[in-house]
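Since the model is a prediction, treat every value here as computed from it, not as a measurement. Naming convention: chains lettered A, B, ... in sequence-line order (proteins, then strands); numbering from 1 in each chain.
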There are 2 protein chains.
Amino acid sequence: MDETRQRDREGTRRRILDAARRLFADLGYDQVTMRAIAAEADANIALINRYFGSKRELFAEVLAMQGRFPGVLEGPEEELPRRLAEYVADRLRSDQGSVVLAALIRSSSSPEIHEIIRDRVSSAILEPLSARLSGPDAAFRATVAAALVTGTGTMRQLYGPDAAAAPDHEVVVARLTAVFEACLGM
Amino acid sequence: MDETRQRDREGTRRRILDAARRLFADLGYDQVTMRAIAAEADANIALINRYFGSKRELFAEVLAMQGRFPGVLEGPEEELPRRLAEYVADRLRSDQGSVVLAALIRSSSSPEIHEIIRDRVSSAILEPLSARLSGPDAAFRATVAAALVTGTGTMRQLYGPDAAAAPDHEVVVARLTAVFEACLGM
DNA sequence: GAAGTTAGTAGACGCTTGTTTACTCGTCAA
DNA sequence: TTGACGAGTAAACAAGCGTCTACTAACTTC
C-alpha cells in the first residue's frame with residue numbers, strides 16, 4: 001500500500017521551493033506554516049529545514065529566486081508610466097504577478113523578515129526604477145511609484161479582483177498612466 | 001508587598017482599549033498577543049475576553065472607536081488633493097496618523113479580520129471619499145487614491161521615517177498633490 | 001455586620017507553531 | 001554480498017498562542 005518514494009534530492013528541493021513560492025505569494029509569510037509547505041510540496045516537513053535551514057531562510061531563497069521587476073522597467077523612460085499602468089491594471093484583475101510584490105504586501109508586518117523584504121524591494125524595484133529616472137529626486141519619485149504599486153496590491157487583496165469597479169479596462173490604464181506620470185515625471 | 005488594586009470596570013476597560021489601539025497600530029493584528037495587551041494595559045489577561053469577548057472583537061472595537069478619515073475629507077473638492085498630500089507627507093515623517101490606516105496596513109494579511117478591515121476601509125475612507133468626487137468612475141478614482149495612501153504607509157513601514165529621502169517638505173507635498181490630482185481629477 | 005455581587009487574579013486548557021531527533025531503507029561502491 | 005552513505009520518515013520537543021475555569025477579595029445592599 002505504501003508507495004516506494006523515489007530518492008531525488010534536487011527534485012524534492014525544487015518541489016519545496018515551488019510550493020513555498022506559491023504559498024508565500026498567496027498568503028504571506030506568517031500565514032504559511034511549515035506543514036502547509038510540506039503538504040503542498042508532498043514532502044516531509046523535516047526536509048525543509050534540512051535543505052533550507054529554517055523557514056526564514058527558505059523565504060529569503062524564494063525572494064532571491066525571483067528576477068527583477070518583470071520586464072516593466074525596460075524600454076525608454078517616457079513609456080515607463082504606461083507600462084507600469086498596464087502592469088498594475090493586469091494585476092488588479094488576475095493575481096499572478098511578481099512574487100516579490102505579493103510577498104511584500106502580505107508579509108511586510110512580520111518583523112523577522114523585515115530586513116529581507118526591505119533589501120529585496122530596494123534591489124528589485126526601487127534601485128532599478130530610480131536609476132531609469134532623469135531629473136532631481138529620482139529616489140523619492142521612484143518611492144511614490146512603488147507606493148502606488150504596493151497600494152493597489154493591498155486594495156486588490158482587500159476587495160478581490162473587482163476592487164476598482166471600473167467599467168472599461170482602457171479607462172483604468174489611462175487613469176493609472178496619468179497617475180504614474182505624475183509620480184515619475186520631472 | 002502586593003498592591004491593593006482598585007476596582008474600576010470602566011477604567012480598566014478603557015486602559016485595555018487604549019493599549020490595544022496603540023499596539024495594533026504599531027505592530028498589526030497578529031503580531032500583538034493578548035498577553036502583550038494585558039501587560040501594556042496593566043490588567044489581567046482574562047479581563048480582555050471578559051470585557052470584549054475575544055481578540056477579534058477587541059480589534060473590531062478599536063477600529064470602530066476611531067472616527068472617519070481625519071478632517072482631510074472636509075472642504076471643497078478642488079482642495080482635496082492638496083490636503084491628502086499634506087496628510088500623507090506628514091504621515092511619512094511622524095507615524096501618528098489614523099489607526100484605521102495603520103492597522104489596515106499592518107493587519108490586512110490576517111484572514112480572520114479581513115472582513116472587519118474591509119468594511120471599515122469602505123465606510124471610513126472609500127465611501128466618504130468617492131461621495132465627494134464628481135464625474136464618472138468616482139469609486140475607482142477613490143480606490144486609486146486610497147491605494148496611494150496605503151502604499152505610502154507600507155513604504156514608510158519598510159523604510160522608516162526617511163523612506164522617501166526628499167530634500168524639502170514642500171517638494172514632497174507638491175509632488176504628492178500632483179499625483180492625487182491625477183488620481184481624483186475628472 | 002452578614003450576604004450577595006462582581007472586578008480582579010492565577011493557572012491551566014487544548015492547540016499550533018518551528019524545529020529537532022532517532023530511525024528506516026533505497027542506492028551504490030567495493 | 002556487504003557495507004556505508006544519505007534521502008526520506010515519524011514522532012516528539014519546547015515554546016507560544018487564544019481562551020476558559022476556579023478562585024479571591026473588594027464593594028454594595030439590606
Side-chain angles (χ1 to χ4, degrees), chain A residues 1-20 23-24 26-62 103 106-107 109-116, chain B residues 1-20 23-24 26-62 103 106-107 109-116:
Chain A
M1 186 58 75
D2 43 351
E3 311 277 334
T4 58
R5 169 85 67 179
Q6 56 182 355
R7 293 161 56 111
D8 180 6
R9 180 186 175 97
E10 283 311 310
T12 302
R13 207 190 119 96
R14 189 163 10 88
R15 288 206 320 278
I16 293 173
L17 203 56
D18 286 347
L23 290 175
F24 282 144
D26 284 348
L27 303 172
Y29 181 75
D30 46 27
Q31 297 297 325
V32 173
T33 67
M34 301 284 277
R35 286 164 180 83
I37 297 173
E40 173 88 2
D42 191 29
N44 189 279
I45 183 176
L47 295 178
I48 301 179
N49 277 358
R50 178 194 286 274
Y51 293 149
F52 297 95
S54 67
K55 183 186 181 185
R56 195 188 116 100
E57 290 170 275
L58 171 60
F59 183 79
E61 186 142 339
V62 165
R106 294 176 171 84
S107 312
S109 62
S110 307
E112 50 193 314
I113 53 170
H114 197 106
E115 191 179 351
I116 294 173
Chain B
M1 184 58 73
D2 44 351
E3 311 276 333
T4 58
R5 168 84 68 179
Q6 56 183 355
R7 291 161 58 110
D8 180 6
R9 181 186 173 97
E10 283 311 311
T12 302
R13 208 190 118 96
R14 190 163 10 89
R15 288 207 320 278
I16 292 173
L17 203 57
D18 285 348
L23 290 175
F24 281 143
D26 283 348
L27 302 172
Y29 181 76
D30 46 27
Q31 297 297 325
V32 173
T33 67
M34 301 284 279
R35 287 164 179 83
I37 297 173
E40 174 87 3
D42 192 29
N44 188 279
I45 183 176
L47 294 179
I48 301 179
N49 278 357
R50 179 193 286 274
Y51 292 149
F52 297 95
S54 68
K55 183 187 181 184
R56 195 187 117 100
E57 291 171 274
L58 170 60
F59 183 79
E61 186 142 340
V62 165
R106 293 176 172 83
S107 311
S109 61
S110 307
E112 50 193 314
I113 53 169
H114 196 106
E115 191 179 351
I116 295 174

Task: Partners meeting ring-ring contact (aromatic ring centres under 6.0 Å, His included) with Y29(A) (sequence neighbours left out) - done: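 Residues passing ring-ring contact (aromatic ring centres under 6.0 Å, His included) with Y29(A): F24(A), F59(A).
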
Output the rounded distance in Å from [atom1] ([X]) to [atom2] ([N]).
{"X": "Q31(B)", "N": "dG18(D)", "atom1": "CD", "atom2": "P", "result": "11 Å"}
{"X": "I48(A)", "N": "dT19(C)", "atom1": "CD1", "atom2": "C1'", "result": "11 Å"}
{"X": "I45(B)", "N": "dG11(C)", "atom1": "CD1", "atom2": "C1'", "result": "11 Å"}
{"X": "R13(A)", "N": "dG8(D)", "atom1": "CZ", "atom2": "P", "result": "13 Å"}
{"X": "R15(A)", "N": "dG8(D)", "atom1": "CZ", "atom2": "C1'", "result": "11 Å"}
{"X": "N44(A)", "N": "dG6(D)", "atom1": "CG", "atom2": "C1'", "result": "14 Å"}
{"X": "I113(B)", "N": "dG18(D)", "atom1": "CD1", "atom2": "P", "result": "12 Å"}
{"X": "D30(B)", "N": "dT16(C)", "atom1": "CG", "atom2": "P", "result": "17 Å"}

What's the shortest heavy-atom distance between [X] and [Y], and which atoms?
{"X": "R106(A)", "Y": "D26(A)", "value": "NE-O, 3.0 Å"}
{"X": "V32(B)", "Y": "L23(B)", "value": "CG2-O, 3.4 Å"}
{"X": "G28(A)", "Y": "S107(A)", "value": "CA-OG, 3.4 Å"}

Residues which pass salt bridge (charged side-chain N to carboxylate O under 4.0 Å, His left out) with [X], listed by chain and number, not counting sequence neighbours:
{"X": "E40(B)", "answer": "R22(B)"}
{"X": "D42(A)", "answer": "R5(A)"}
{"X": "R15(B)", "answer": "none"}

Listed pairs, N/O of protein and of nucleotides 28-30 of chain C, under 3.5 Å:
none

- [ ] Spell out protein contact along nucleotides 1-7 of chain C as letters: B when the base is contacted, S when just the sugar-phosphate is, - when no protein heavy atom is under 4.0 Å; keep the 5' to 3' order.
- [x] -----BB

- [ ] Report the residues that fulfil side-chain hydrogen bond (donor to acceptor under 3.5 Å, both in side chains) with S110(A), sequence neighbours left out, ordered by chain and then residue number.
- [x] D30(A)

Task: Distance, nearest 0.5 Å, that separates CZ of R14(B) from CZ of R9(B) - done: 13.0 Å

Task: Contact list for DNA chain D against residues 32-41 of chain B - heavy-atom distance below 4.0 Å - done: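 Correct list: V32(B), T33(B), M34(B), R35(B).
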
- [ ] Please tell me if the side chains of I116(A) and R56(A) come closer than 4.5 Å, counting only heavy atoms from C-beta onward.
- [x]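 When only atoms from C-beta onward are counted, R56(A) and I116(A) do touch, with a gap below 4.5 Å.
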
- [ ] Go through residues 53-60 of chain A and report each residue with a non-hydrogen atom lying under 4.0 Å from DNA chain C, sorted by number.
- [x] S54(A), K55(A)

Result block: side-chain N/O donor-acceptor pairs under 3.5 angstrom for residues 45-54 of chain B, not counting sequence neighbours:
{"residue": "S54(B)", "atom": "OG", "partner": "E57(B)", "partner atom": "N", "Å": "3.2"}
{"residue": "S54(B)", "atom": "OG", "partner": "E57(B)", "partner atom": "OE1", "Å": "3.1"}

Open item on the list: So, using side-chain contact (heavy atoms from CB on, under 4.5 Å) as the criterion, who are the partners of A39(B) when residues are at least two apart?
Closed with: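 A39(B) satisfies side-chain contact (heavy atoms from CB on, under 4.5 Å) with no residue once adjacent residues are dropped.
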
Open item on the list: Can you tell me if E115(A) has over 12 outside heavy atoms packed within less than 6.0 Å of its CD?
Closed with: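 Incorrect, the count does not exceed 12.
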
